[in-house]
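Note that the coordinates shown come from a computational prediction; the quantities given were computed from them, not determined experimentally. Throughout, a chain's letter reflects where its sequence line sits, starting with A, and its residues are numbered from 1.
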Number of protein chains: 2
Amino acid sequence: MENKLYHAECGVNAAIALFSGRWKVIILHMLSKNTRRFGEIQARIPAVSKKVLTEQLKELEADGLISRKEYKELPPRVEYALTHFGKSLCPLLADIAAWKRKTIL
Amino acid sequence: MENKLYHAECGVNAAIALFSGRWKVIILHMLSKNTRRFGEIQARIPAVSKKVLTEQLKELEADGLISRKEYKELPPRVEYALTHFGKSLCPLLADIAAWKRKTIL
DNA sequence: CAGTATCCGACGCGATACTG
DNA sequence: CAGTATCGCGTCGGATACTG
């Protein structure tokens, strides 16, 4: 993208990309209440497939929004949690929700 | 989407969809400063094709974020402007930009 | 349990040519 | 000037089967 346009949007698109994805907002909201295991997340989002859930979690982790802790046990156990960065996003999502509510009513 | 999940995300995904799109943030930002004609918008975003620009403008209009006024002249003239709803979105985009700046630094 | 591997259809977006 | 029509590609997400 050209510089003029970059300054116009000020990274908004890049920021949006961090939490746009079919299940990311739901995952972030879920983890804001509790650390969760992979299976728990999947159980609470019945419509998501393992492949897609894995992808979304990997992207969220790569973007620094969530952390992944693997316990070397048998059977394996993995815990996902919000990072500090991820927690900082929650108020913004609340603002977005509030904006939508205001305008629909 | 199921009800439980709907309540979890509180319409955030739907709200995000209103302004996620390759050029929507840039268009909204541009129109926040001035009413613009189709050709002016295109000239300021060289990378966008007519087809895609038309699509994005139509979606923004359908979502109530911008208005389209057509003057029956020859050659044709069309003016795009932010609606009140569209203007209400700008502070939110600024918040998103601010969030991103804070965390990158 | 927590993933991978593979296939596939839908959609977003860009390039190009044509039109009232 | 402000579009429409057509084509094609890349990415996203869903379905299913397999694995350490």
Calculate the interatomic distance between [X] atom [atom1] and [N] atom [atom2]; express it in whole Å.
X	N	atom1	atom2	result
A:R36	C:dA2	CZ	C1'	17 Å
A:E70	C:dA2	CD	C1'	8 Å
A:E59	D:dT11	CD	C1'	11 Å
B:R22	D:dG10	CZ	P	17 Å
B:K50	D:dC7	NZ	P	20 Å

- Item | Base C:dA5 paired with A:K51 side chain (donor-acceptor, <3.5 Å) |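 No, no donor-acceptor pair under 3.5 Å.
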Smallest separation among heavy atoms of [X] and [Y], with atom names:
X	Y	result
B:I16	A:S20	CG2-CB, 4.3 Å
B:F19	B:K24	O-CB, 3.9 Å
B:V12	A:A97	CG2-CB, 3.9 Å

- Message: Check this for me, if you would: do A:E40 and A:R44 make a salt bridge, where the nitrogen-to-carboxylate-oxygen distance has to be below 4.0 angstrom?
- Response: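 Answer for the salt bridge query: no.
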- When both distances are under 3.5 Å in a Watson-Crick or G-U wobble arrangement, the nucleotide paired with C:dG9 is D:dC12
- Task: For B:Q56, answer base if it contacts any base atom (sugar-phosphate contacts may also be present), sugar-phosphate if it contacts only those atoms, and nothing otherwise; contact means non-hydrogen atoms under 4.0 Å.
- Result: sugar-phosphate
- Nearest-nucleotide check on DNA chain C, A:V78 vs B:S20; residue mapping nearer the 5' end is A:V78
- Message: For C:dA2 and A:R37 - does any side-chain N or O of the residue sit under 4.0 Å from the phosphate oxygens OP1/OP2?
- Response: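 Yes, A:R37 has a side-chain N/O under 4.0 Å of OP1/OP2 on C:dA2.
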